Amino acid sequence: MNQLAVITKKIIILPGRPLFMLDRDVAELYETKTMRINEAVKRNPERFPEDFYFELTAEEFEKCGARLEPQKAAFDIADCDIKNDGRGGRRTIPFAFTREGCNMLSAVLSTPLAIQRSIQIMRAFSSMERSRTSAPDSPPSPLLPNGWQMYELRMT
């Protein structure tokens, strides 16, 4: 499968939100840890306004393929993370990066790989946006499952 198709599968559509990618998927594409992506955002807040990234709500996170119980959210999130970093996995609800946020991350990370991946990510977002606007009267086409949904399918 080509890189554009791989990236396109990671882009998520939720009603009322712009197209976005989860922080762990962006980290995977940039070949770094999710923690490093989120640190870059915290260290450069002026580069990441609200329309570049946002934190999902528990309900939105659930729609992305995770199962959460409000009273045990921190523990259940860890069960949904595909890659275990040795500490039991994810402890917080993920951040979501829009097209602009993904692009800004490449500038902050400033590695040759980040620059190349940013170009590929921009093309994938453009492709998704074109497909969403090309036929406004037709029902949305079914999307392939994202990474967490694939993990859930493997676990059942």
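Here the structure is a predicted model, which is why all the values come from computation and not from measurement. These values consider heavy atoms only, across backbone and side chains, with no hydrogens, waters or symmetry-generated copies.
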Worksheet item: Would you say Ile121 and Ile13 are hydrophobically clustered, going by side-chain heavy atoms of ILVMFWY under 4.5 Å?
Response: yes
Response to the item:
On a heavy-atom basis, the closest approach of Phe48 and Ala40 is CE1-O, 4.2 Å
Worksheet item: Of all heavy-atom pairs between Thr98 and Asp51, which one has the smallest distance, and what is that distance?
Response: OG1-O, 2.9 Å
Worksheet, complete the sentence: For Leu113 and Leu29 the tightest heavy-atom approach is CD2-O, 4.5 Å
Worksheet entry | Lys42/Glu39 salt bridge by N-O under 4.0 Å criterion | no
Discussion item. For a quick test of reading the model, state the closest non-hydrogen atom pair linking Leu109 to Ala114 and the distance between them.
Written reply: CB-CB, 4.1 Å
Item to complete: Apply side chain to side chain contact (heavy atoms under 4.5 Å, CB included) to the pair Arg123 and Ser126, showing each step before the final yes or no.
Response: CA-CA 5 Å; Arg123 288 180 176 151; Ser126 294; 5.6 Å; no
Worksheet, complete the sentence: The residue among Thr8, Val6, Ile7, Ile12 that forms side chain to side chain contact (heavy atoms under 4.5 Å, CB included) with Lys10 is Val6
Discussion item. Below 30° counts as parallel, above 60° as perpendicular, anything between as tilted: where do the rings of Phe95 and Tyr53 land?
Written reply: tilted
Worksheet item: Around Arg17, counting heavy atoms of other residues, nucleotides and ligands shown, do more than 12 lie under 6.0 Å from its CZ?
Response: yes
Worksheet, complete the sentence: In short, Leu56 meets Glu60 closest at the heavy-atom pair CA-OE1, 3.4 Å
Worksheet item: Would Glu28 and Arg24 pass as an ion pair if we require N to O under 4.0 Å?
Response: yes
Worksheet item: Going through the distances and angles, do Asn103 and Phe125 end up as a side chain to side chain contact (heavy atoms under 4.5 Å, CB included)?
Response: CA-CA 11 Å; Asn103 195 30; Phe125 270 100; over 6 Å; no
Worksheet item: Which heavy-atom pair separates Leu4 from Gln120 by the least distance, and what is that distance?
Response: CD1-O, 4.0 Å
Item to complete: Verify side chain to side chain contact (heavy atoms under 4.5 Å, CB included) between Asn44 and Met104, making sure each step is shown before the conclusion.
Response: CA-CA 10 Å; Asn44 299 281; Met104 186 59 71; over 6 Å; no
